[in-house]
Every structure is written in C-alpha cells, then in structure tokens.
Amino acid sequence: MKRIRTRFAPSPTGYMHIGNLRTALYAYLFAKSQGGDFILRIEDTDRARYVADAVDFIERTLAAAKIIPDEGPHHGGAFAPYVQSERMDIYKHYAEELVAKGHAYYEETEQGVAIRQKMPTVGETTFYDVLHGNITIANSELEDQVLLKSDGMPTYNFANVVDDHLMEVSHIIRGTEFITSTPKHVLLYEFFGWELPTFIHLAPVMGKAADGTISKLSKRHGATSFNDLIEAGYLPEAITNYVALLGWSPKNSCQEIFSMDELIKAFSLDGLSKSPAVFDYAKLDWMSGEYFKAMTDTAFAEVADKYLAAFDEPRKVFLASLLKTRVAKLSDIPPMIDFLKTPPPFDIDLFTNKRNKVTPQKSAEILHAAIKILSEVAEWTLEALNDKIAAFVAESGLKVGSVMWPLRIALSMQKVTPGGTTEILYLLGKETSLERLNAALEKLSA
RNA sequence: GGCGCCUUCGUCAAGUGGUUAAGACACCGCCCUCUCACGGCGGGUUCAAGGGUUCGAAUCCCUUAGGCGUCACCA
C-alpha cells in the first residue's frame with residue numbers, strides 16, 4: 001500500500017491563523033495516525049507578500065503546538081528544497097513540458113511572458129473528496145489559468161500540483177476555499193499523466209461577532225492567531241486540544257481532553273465535520289481551565305511565573321494552588337491578585353453582609369478582637385493562623401462567616417478574592433496584615 | 001450573478017430508516033461554603049422550511065430559504 005504523506009503548505013505571512021493551525025494539525029494527525037509522513041512546504045511564490053523571517057515564525061509556531069514535520073526547510077528530507085522560491089527551474093521545466101504537449105501556451109504582455117494552462121471548453125471534470133464525495137464542475141467554468149507568471153514564479157495552482165506530485169503527497173488536506181479550483185489541478189494531473197492524490201477539503205472556522213453575526217474567523221473576532229492566544233496566556237496544549245475538536249470528533253467516545261498522542265491514536269478522517277465550526281472562546285476557557293487544574297501547584301507556578309514574580313517561592317506555589325482552579329488564561333491573574341500589592345480604597349458598604357450577619361459596627365468589634373489575637377501569633381503559617389482563628393470563633397460563639405467576612409474585607413477591600421481570609425493573611429504576611437486590619441478598624445470607628 | 005459547498009440545542013457535536021435525539025461548553029437552580037472558584041446534583045432549549053418515498057424519517061429524494069466559498073500573473 002502507498003505510504004501516507006500529507007503536507008502543510010502555508011504562504012509565509014508571519015501570522016498563524018487558528019484555521020491554518022487546524023489544517024496543519026489535521027494533516028499531521030492523519031499522517032501520524034497512519035504511520036506516514038508530514039511535510040512542511042513553504043509557498044512563497046508571491047513576491048509582493050513576502051514577509052521576512054516568516055519561515056522561522058511558522059516553524060516556531062508548529063514546534064510550540066507540537067506539530068513536528070518529518071520533512072521541511074529545516075527538517076531535511078529527500079525532496080528538498082521545501083521552499084518554492086528555490087524550485088523555480090522545476091516549475092519552468094514542467095510548464096514547458098505542458099506547452100510541448102499542447103496543454104499550455106505562452107502569453108506575451110507588457111510585463112513579460114507568462115505560460116497559461118489551456119482548459120477544455122466542453123465536458124466536465126469530476127473529482128472525489130473524502131468529505132464531500134464526488135464533485136463535478138463544468139469545464140466551461142474554468143478559465144485558462146496562469147501557470148508561470150511573467151516574473152518566472154509559478155502560481156499556487158501550478159506549483160502546488162507539481163510539488164504534491166514530486167513530493168509524493170498522498171492526501172491533500174486543505175480548506176474549502178480550494179474546492180472550486182481543484183478541477184484545474186485535476187486537469188493538470190491528467191495532462192501530466194500523474195496519479196491523483198486523495199482530496200480532503202476542510203470546512204472553515206468561523207467567528208461570532210459581538211452582534212451575533214457569524215462569519216469566517218478574522219481579527220474582528222479578537223485573538224485569532226495561535227500567537228495571540230499564547231500571549232493571552234492559554235497553554236499551547238490546550239489550544240491544540242480545543243482546535244482539534246473544532247471540526248472533528250472522536251468515534252465511539254465522548255472524550256474531550258486529549259494529549260497529542262491521544263489525538264494521534266483517536267484521529268480518523270470519518271470524524272471530520274463538513275460544516276463550518278464557530279470558534280467559541282467560552283469553551284476554550286473551560287478547556288484551558290481543565291489543563292490548569294490538572295497541573296501540580298509547582299508546575300502552574302512555573303508557567304505563571306511572570307505574573308507571580310513579586311512573591312517568594314513558598315508563597316508563589318501557594319498562590320498557584322489558589323489560582324489554578326480560578327483561571328482560564330494566565331492573563332486573568334493580575335486583576336485577581338492586584339489587591340495583595342495595593343489594596344483598593346476603603347469602602348464601608350462592603351462590611352455589611354446579611355448572610356453572615358455582619359454590619360460595620362459588628363465588624364469593628366470583631367476586628368478589634370482579632371487584631372489582638374493575630375498580633376500574638378508568633379509563627380505566621382497557614383496552620384497556626386487556622387488554629388488561632390478557629391479558637392477565636394469557638395470562643396466568641398459567632399458564626400465562622402461572621403468572623404471571616406470582616407477580616408477578609410478589611411484585608412482585601414473587595415467582595416471577591418481568590419482564597420479566603422486565612423489564605424490572604426498568610427500571603428500578606430504578619431506586618432502588612434495587621435497594618436491593613438488596623439487601618440480598616442480606624443476608618444470603621446471614625 | 002454563474003458555479004460549488006454547507007444546514008441536529010446559543011456553541012462544539014453524537015447519530016447513517018424504528019433512540020425518551022448522546023455528551024460537552026454556556027446558561028439557570030440547588031448542595032457544599034467566610035467571598036469567588038473547585039466539586040456534587042438537577043433543569044430548560046435542537047433536527048432551517050415545504051413537499052414526497054416508507055408501516056415508520058434527523059437519517060433517502062425533490063424544491064425553497066439562508067450561510068459560506070469561488071470566478072486573480074493571491075494563496
């Protein structure tokens with residue numbers, strides 16, 4: 001049986017759209033699930049759109065997403081070069097062959113000489129797509145395509161076919177936007193007498209705008225490149241996992257959390273969806289959270305390190321334990337812990353809490369007593385703090401919440417905090433804690 | 001506009017002639033609880049419309065509508 005070989009063939013734009021990443025991922029998963037090869041090929045035949053360093057960027061992005069090419073510009077391989085601008089003589093040779101066979105012709109314009117593919121004017125061309133079945137388009141719909149531009153560069157339609165054949169690509173996995181140009185490619189294969197690869201045209205990834213409109217995912221939908229998402233603080237594994245499920249689902253399973261190895265094992269073409277999928281940040285957030293929750297505190301502290309820099313090592317790890325169940329992306333962290341650095345302004349209303357039977361007056365009394373007890377704590381550890389406060393609660397005859405609420409508010413000046421009173425006391429340290437408690441008591445008594 | 005593709009909860013989706021139409025996210029409620037989370041339990045909403053075929057249709061056929069794509073010396 002023929003070896004399975006797929007390819008990802010981006011043009012070097014310096015931007016890895018989520019839709020492109022998904023295409024690369026599916027091509028990779030399919031190849032790997034079949035024990036085949038995955039090729040990276042750079043389609044840089046448009047000189048006007050060339051972006052410097054874009055190849056590095058693509059390679060770095062794929063590496064971050066753990067999509068590892070077997071062959072590519074910097075991965076080696078038997079079919080090098082893998083950059084189209086370095087293969088110009090090859091395209092020229094095949095274009096001339098087509099002219100010689102009568103399937104193409106020279107065209108002279110002010111810009112220079114180009115070569116055009118001669119399309120049949122009658123009949124129709126049919127090709128088989130794994131997802132869509134047979135697709136037939138009348139040849140009269142096809143215009144004579146430019147194969148070789150006047151600058152000597154091939155067009156996508158030509159270079160793609162030549163390279164896919166030469167590189168022995170068995171399965172072409174790409175976006176639906178190519179479905180209507182596939183007959184042109186099929187005709188080229190026929191003109192050359194080459195064996196046709198298998199086509200799989202993927203449905204697009206859509207985005208939902210604020211007003212509810214759905215359209216192809218683009219920048220107006222927010223962060224839509226792999227890099228945007230990384231910068232927002234999503235884990236690459238989580239992004240890849242989420243993207244894999246956007247247009248594919250496993251057979252006979254409801255599993256949603258997949259490592260790359262598990263994806264490779266579970267992947268099959270018949271799990272691919274032929275209708276467009278809307279990118280849903282809410283679900284990405286959930287999935288991302290699942291990854292964080294599954295991490296150890298130390299591992300989380302490590303990935304979140306730049307947000308936790310202000311804390312010493314034990315506190316860092318402790319904060320990580322509090323944060324990892326509350327965070328969808330790392331950039332959610334600062335607003336959650338800013339109060340530890342600088343407390344929000346005093347707000348007396350926060351000291352009123354019906355459920356815990358707390359009023360500003362009551363709070364003042366509790367604070368007064370608590371300050372006395374806490375200032376006597378010699379060893380400022382979570383255990384010690386817990387014990388002291390528990391003893392105080394028991395002795396006072398108050399509800400736990402009635403004691404905790406005013407303390408937490410006095411320390412944080414906000415209604416919502418990651419962790420509770422004891423945790424905040426510990427993170428703040430004895431000195432700062434007592435400072436804040438006293439300041440709040442002073443304002444409450446005024 | 002021509003041609004092509006697509007259409008199951010708000011979203012991702014399972015489903016391939018007979019199911020109470022899975023599951024997940026989101027949402028709502030309850031429990032847990034010093035807040036928020038986490039965790040647990042429960043809930044509502046879906047086969048685009050209309051015709052067929054069939055004893056029986058989300059599943060097959062036709063029509064309509066809507067969405068998307070494509071008609072470049074861009075990929």
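Keep in mind it's a predicted model, so treat the numbers as computed, not measured. Below, chains carry the letters A, B, ... as their sequence lines are ordered, and counting in each starts from 1. Values reported hereafter were calculated over all heavy atoms of this structure, with side chains retained and with hydrogens, waters and symmetry mates removed.
Atom CZ of A:F292 is separated from atom C1' of B:A37 by 15 Å (rounded to the nearest Å). Between the CE atom of A:M295 and the P atom of B:C38 there is a distance of 18 Å, given to the nearest Å. What separates CE of A:M287 from P of B:U11 is a distance of 18 Å, to the nearest Å. What separates CG of A:L350 from P of B:U35 is a distance of 15 Å, to the nearest Å. A:L246 has its CG atom 7 Å from the P atom of B:A13, to the nearest Å. Atom P of nucleotide B:A72 and atom CG of A:D144 are separated by 12 Å, given to the nearest angstrom. One can place CD of A:E256 at 7 Å from P of B:C25, the figure rounded to the nearest angstrom.
In this pair, A:F8 and A:F38 present their aromatic rings parallel. The plane angle is below 30°, not in the 30 to 60° band. By the 30° and 60° cut-offs, the orientation of the rings of A:F127 relative to A:F199 is perpendicular. The aromatic rings of A:Y15 and A:H17 are tilted relative to each other, their planes meeting at an angle between 30° and 60°.
B:C61 and B:C5: their P atoms are spaced 13 Å apart (whole Å). A distance of about 28 Å separates the P atoms of B:C32 and B:U45, rounded to the whole Å. The P atoms of B:G1 and B:A21 are separated by 39 Å, rounded to the nearest whole Å. Between the P atoms of B:C68 and B:U11, the separation comes to 14 Å (whole Å). B:G10 and B:G44 are spaced 13 Å apart, taking the C1' atom of each and rounding to whole Å. A gap of 15 Å separates the P atoms of B:U7 and B:C62, to the nearest Å. Taking atom P in both B:U20 and B:U35, one finds a spacing of 44 Å when rounded to whole Å. B:U19 and B:G69 have their P atoms separated by 38 Å, given to the nearest Å.
Residue A:K293 is in sugar-phosphate contact alone, with no base atom involved, counting any heavy-atom pair closer than 4.0 Å across all strands shown. As judged by a 4.0 angstrom heavy-atom cut-off over every strand, A:Y242 is placed among residues making no nucleic acid contact. Looking at heavy-atom distances under 4.0 Å, A:T109 makes contact with a base. Backbone-only engagement by A:S11 is indicated by non-hydrogen atom pairs under 4.0 Å involving sugar-phosphate atoms exclusively. Using a 4.0 Å heavy-atom cutoff across all strands shown, A:T45 reaches sugar-phosphate atoms only and no base atom. Counting non-hydrogen atoms under 4.0 angstrom, A:G419 reaches a base of the nucleic acid.
Here the side chain of A:E143 is nearest to one of B:A22, B:G39, B:C71, namely B:C71. Among B:C73, B:C36, B:A24, the nucleotide with an atom closest to any side-chain atom of A:R326 is B:C36. In the set B:C34, B:A75, B:C38, the nucleotide with an atom closest to the side chain of A:V400 is B:C34. Listed nucleotides B:G4, B:A75, B:U7 differ in distance to A:S275; the shortest reach to its side chain belongs to B:U7. Which of B:A75, B:C73, B:C6 sits closest to the side chain of A:R116 comes down to B:C73. Nearest to the side-chain atoms of A:I137 among the listed nucleotides B:C3, B:A24, B:A13 stands B:C3. Distances were taken from every side-chain heavy atom of A:S273 (C-beta onward) to each of B:C34, B:C6, B:A13; the shortest belongs to B:A13. For A:E423, counting side-chain heavy atoms from C-beta on, the closest listed nucleotide (B:U70, B:C34, B:U11) is B:C34. The A:C254 side chain lies nearest to B:A22 when the options are B:U11, B:A26, B:A22. With distances taken from any side-chain atom of A:K208 to the nucleotides B:U70, B:A75, B:U11, the minimum falls on B:U11.
With hydrogens and angles ignored, no donor-acceptor pair under 3.5 angstrom links the side chain of A:R355 to the base of B:U35.
An OP1 or OP2 oxygen of B:C34 is reached within less than 4.0 angstrom by no side-chain nitrogen or oxygen of A:S402. The side chain of A:T176 contributes no N or O atom lying less than 4.0 Å from OP1 or OP2 of B:C5. Contact check, A:R408 against B:C36: no side-chain N or O comes under 4.0 Å of OP1 or OP2. Under 4.0 angstrom from either OP1 or OP2 of B:C34 there lies no side-chain N or O belonging to A:K357. OP1 or OP2 of B:A75 has at least one side-chain nitrogen or oxygen of A:K149 nearer than 4.0 Å. For B:G15, the OP1/OP2 oxygens have a side-chain nitrogen or oxygen of A:K251 closer than 4.0 Å. Look at A:W405 and you won't find any side-chain N or O under 4.0 angstrom from OP1 or OP2 of B:C34. Not one side-chain nitrogen or oxygen of A:K415 sits closer than 4.0 Å to the OP1 or OP2 atom of B:C34. Remark: A:K274 is in phosphate contact with B:C6, judged by side-chain N or O atoms under 4.0 Å from OP1 or OP2. Using a 4.0 Å cut-off, some side-chain N or O of A:H132 falls inside it from OP1 or OP2 of B:C6.
The pair A:D164-A:R41 meets the salt-bridge criterion, since a charged nitrogen lies less than 4.0 angstrom from a carboxylate oxygen. Between A:R49 and A:D46 a salt bridge is recorded (basic side-chain N to carboxylate O distance below 4.0 Å). Taking a cutoff of 4.0 Å between a charged side-chain nitrogen and a carboxylate oxygen, A:K329 and A:D332 qualify as a salt bridge.
Partner assigned to B:G50 is B:C62, using Watson-Crick or G-U wobble distances below 3.5 angstrom. Using N1 to N3 plus N6-O4 or O6-N4 for Watson-Crick, or N1-O2 and O6-N3 for G-U wobble, each under 3.5 Å, B:G44 pairs with nothing. For B:C55, the paired nucleotide is B:G18, the pair qualifying as Watson-Crick or G-U wobble because both relevant distances are below 3.5 Å. In this entry B:G1 has B:C71 as its Watson-Crick or G-U wobble partner, both defining distances falling under 3.5 Å. Across all strands shown, B:G10 forms a Watson-Crick or G-U wobble pair with B:C25, both key distances being under 3.5 Å.
The backbone N or O of A:T352 sits nowhere less than 3.5 Å from a side-chain atom of A:W405 that would complete a donor-acceptor pair. In this structure, the side chain of A:T342 does not engage the main chain of A:F339 through any donor-acceptor pair within 3.5 Å.
Comparing A:I179 and A:A277 by the nucleotide of RNA chain B whose heavy atom lies nearest to each, the residue mapping closer to the 5' end is A:I179. Along RNA chain B, the nucleotide nearest to A:T417 and the one nearest to A:E141 differ in position, and the one closer to the 5' end is contacted by A:E141.
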For this session: Verify salt bridge (charged side-chain N to carboxylate O under 4.0 Å, His left out) between A:E290 and A:K293, making sure each step is shown before the conclusion.
Result: CA-CA 5 Å; A:E290 292 298 301; A:K293 275 180 271 176; 2.9 Å; yes
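Between A:L229 and A:L284 there is a side-chain heavy-atom pair separated by less than 4.5 Å.
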